[in-house]
Amino acid sequence: MTSRIPEYISLCDTLQNTLNSAFCVYSKETTICRADLLAHAIALSENLPAKSYAINLCQDRYLFIVAYLAVCLRQQTSLLPSNQSAKTLADLTASYPNSYALSDDKLGSDFYLSYDLLEKSTQPCPLIDIDRPLSISFTSGSTGKPKAIIKTWREFQKSAELALQRFELQNQAITLLSTVPMQHMYGLETSFFWVLFSRMKLHNSRPFYPEDIRTTLADLPAEKILVSTPRHLKICSQTQGQWSTIKFILSSTAPMDGTLTQQIEKNLNAPLFELFGSTETLSFASRQTSKSAHWQPYTSIQLKQNNGQFVLQGGHIIKPLILDDTFEIDDKGDFNLLGRSADLIKIAGKRASLHELNQQLASVSGIEDGVFFLSKNERLSALVVSKLPKKTIIKHLRLAIDEVFLPRALYTVFTLPRNNMGKLLKTELEHLIQTQQMLATKQYYCIPATHPCFAGHFPNNPIVPGVVLLTYVQHQLLAAFPNNRICTLTQAKFLHPLLPDQEFSVSLTQSSAHNIKFTCMRGSETLVTGTFIIAAKEGQSHD
């Protein structure tokens with residue numbers, strides 16, 4: 001076995017033609033050039049702890065990039081968690097014990113970074129090995145346990161060059177505004193590497209609310225692009241107000257349907273392009289969905305079908321990758337996404353993709369969010385965030401999908417467990433489905449005449465004390481929400497008495513995130529109704 005021969009480059013030499021051009025717009029009055037970026041990174045690299053891994057938690061875009069480069073120059077590897085929950089960080093530290101947390105927040109950081117602490121080095125730019133592990137990103141957990149993905153400088157640079165070529169951005173002095181976290185691969189690619197290897201400038205802010213995005217764009221020069229996600233862009237397109245001129249909009253993390261892209265292009269008055277890729281592959285294709293449903297791979301990238309598997313190769317792909325998705329590839333090499341292999345379902349001899357069904361669900365006017373899932377009876381059910389009556393939703397779906405794929409059960413929820421990039425988290429989704437199925441199922445009970453609660457409680461004419469009925473409700477509620485505790489009973493209306501040995505049912509409905517309504521019935525007769533307030537147990541957190 002032959003050992004790898006390292007290939008070293010100098011960033012100062014690589015960027016010699018753009019060193020003095022603006023890299024980051026820090027404020028209306030302040031820009032930072034690429035030469036200053038490298039000087040900041042070199043100075044910081046000399047002060048980092050002598051460990052192998054740095055967990056980069058910086059929220060400020062420029063500080064993140066300085067830290068990312070400094071870690072690289074120190075020949076360490078950056079760890080980029082998909083979120084910053086206490087559990088995620090604890091698991092990461094356990095998996096990489098020779099690591100430290102680097103952050104622009106003093107709380108919870110081993111190494112604190114701020115603008116006041118930045119220094120400029122006058123030392124020559126160190127050489128870097130472009131094939132050593134540069135950073136490790138982690139998949140979102142949307143399909144199960146997050147997976148660690150190692151990337152090198154060579155892969156990032158080549159992918160950026162192909163993307164810049166696709167959008168003709170190599171030599172354009174455009175300002176890039178992004179709503180995507182730097183720790184996400186999509187954010188890292190576009191906000192750092194695309195900007196570094198072009199003449200673009202990065203706007204340092206990370207506006208979240210639509211009005212903040214609109215205002216920030218209005219303050220920028222005419223030549224600008226917006227990088228965001230489908231959920232963010234959908235909300236932006238629904239807001240009132242005039243949007244300033246945008247050269248184009250980029251979206252990724254989930255494919256959009258043509259109707260939504262046309263709505264965004266019309267309301268934001270800019271062309272919308274989507275990127276296709278993943279944490280494993282980086283971006284490798286694009287499309288303007290309002291004009292074509294086909295994805296066009298970057299130059300030199302090839303997607304081929306081989307023995308029933310879809311293989312990605314060429315370009316920045318170091319060695320051929322087998323993808324989990326299924327595609328339809330035309331003669332030119334362009335492709336349509338049919339869905340993940342696990343998403344393809346067969347019911348009554350007919351095939352469909354859960355991805356396409358979810359898009360049909362999301363396209364129904366009045367549905368904010370929704371997802372299909374396969375029930376235990378091998379038929380489909382769905383969760384929806386909507387105020388529409390269930391009959392109305394089914395009526396609309398019947399016009400768009402085959403009868404066999406209509407949801408047999410439709411559960412209305414207040415939100416779906418998505419991460420900050422809009423991806424559904426598998427574990428949390430499964431828990432939500434289980435909870436909704438439990439809530440939709442009546443539980444039946446019977447309190448025998450021998451129960452001690454009847455002793456002395458109306459002798460010769462015993463009835464079940466109200467507090468005992470409420471105890472049964474509480475037990476069922478806590479079984480449905482094991483990570484929650486009951487705060488208080490806000491109301492209870494006792495309508496009819498319950499006698500010994502009589503069967504009764506308890507049903508629960510979730511009227512808001514913390515309000516659980518209950519009904520106790522004997523046959524068709526309502527015994528008690530009321531509402532409990534619940535909250536997460538101490539130590540329980542939600543990303």
Side-chain angles (χ1 to χ4, degrees), residues 151 154-172 174 185-186 189-190 193-194 197-198 225 227 229-230 233 247-266 270-344 351-360 363:
K151 290 298 172 191
R154 185 192 297 274
E155 292 173 274
F156 278 120
Q157 180 171 348
K158 182 62 176 177
S159 174
E161 290 170 349
L162 293 176
L164 293 167
Q165 178 186 358
R166 165 58 49 85
F167 294 105
E168 300 180 347
L169 292 172
Q170 304 99 315
N171 297 306
Q172 297 197 45
I174 293 174
M185 190 68 85
Y186 171 39
E189 280 189 78
T190 52
F193 288 99
W194 285 27
F197 293 113
S198 67
I225 62 177
V227 177
T229 61
L233 293 170
K247 186 176 181 66
F248 64 83
I249 302 165
L250 276 179
S251 177
S252 190
T253 69
M256 285 193 277
D257 61 54
T259 303
L260 178 57
T261 56
Q262 289 172 7
Q263 173 186 314
I264 293 168
E265 287 186 332
K266 178 182 177 182
L272 169 66
F273 295 91
E274 292 187 88
L275 298 180
F276 194 97
S278 66
T279 307
E280 293 92 334
T281 63
L282 306 180
S283 65
F284 64 87
S286 68
R287 68 178 180 181
Q288 186 176 0
T289 314
S290 61
K291 294 186 176 180
S292 174
H294 293 273
W295 297 91
Q296 183 183 8
Y298 295 162
T299 301
S300 74
I301 293 283
Q302 296 176 327
L303 179 64
K304 294 185 176 182
Q305 187 171 9
N306 185 14
N307 296 325
Q309 295 179 315
F310 291 92
V311 181
L312 189 69
Q313 60 189 33
H316 60 275
I317 308 299
I318 302 301
K319 58 182 180 180
L321 283 174
I322 297 174
L323 304 184
D324 292 331
D325 301 302
T326 56
F327 304 92
E328 181 181 70
I329 308 172
D330 65 19
D331 295 338
K332 297 183 298 181
D334 295 350
F335 60 87
N336 278 339
L337 174 67
L338 301 180
R340 283 190 172 271
S341 302
D343 278 355
L344 297 178
R351 295 180 182 274
S353 159
L354 286 175
H355 168 72
E356 291 181 356
L357 293 174
N358 289 339
Q359 287 200 326
Q360 293 292 346
S363 69

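With sequence neighbours left out, Phe273 forms a ring pair (Phe, Tyr, Trp, His ring centres under 6.0 Å) with Phe167, Phe248. Contacts of Phe284 classified as ring pair (Phe, Tyr, Trp, His ring centres under 6.0 Å), with partners at least two apart in sequence or in another chain: Phe276. The salt bridge (charged side-chain N to carboxylate O under 4.0 Å, His left out) test applied to Glu265 returns no partner, not counting sequence neighbours. In this view, Glu155 and Lys151, Thr152, Leu282, Ile318 satisfy the side-chain contact (heavy atoms from CB on, under 4.5 Å) rule, not counting sequence neighbours. Partners of Gln302 by side-chain hydrogen bond (donor to acceptor under 3.5 Å, both in side chains), not counting sequence neighbours, listed by chain and number: Gln313.
For the residue pair Ser159/Tyr298, the side-chain donor-acceptor check at 3.5 Å is not satisfied.
Counting only residues at least two apart or on different chains, the salt bridge (charged side-chain N to carboxylate O under 4.0 Å, His left out) pairs with a member in residues 277-289 are Lys147-Glu280, Glu274-Arg287.
In terms of modelled atom types and a separation under 3.5 Å, the side chain of Ser198 and the main chain of Trp194 share a donor-acceptor contact. For Glu356 (side chain) and Ala352 (main-chain N/O), no donor-acceptor pair under 3.5 Å exists by modelled atom type.
You'll find the side chain of Gln296 stays beyond 4.5 Å of the side chain of Lys332, heavy atoms only. No side-chain heavy atom of Leu312 sits less than 4.5 Å from a side-chain heavy atom of Pro320. Considering only heavy atoms from C-beta on, Ser251 comes within 4.5 Å of Leu233 through its side chain.
Taking the six-membered ring where tryptophan is involved, the planes of Phe327 and Phe310 are perpendicular, since the angle between them exceeds 60° and thus also 30°.
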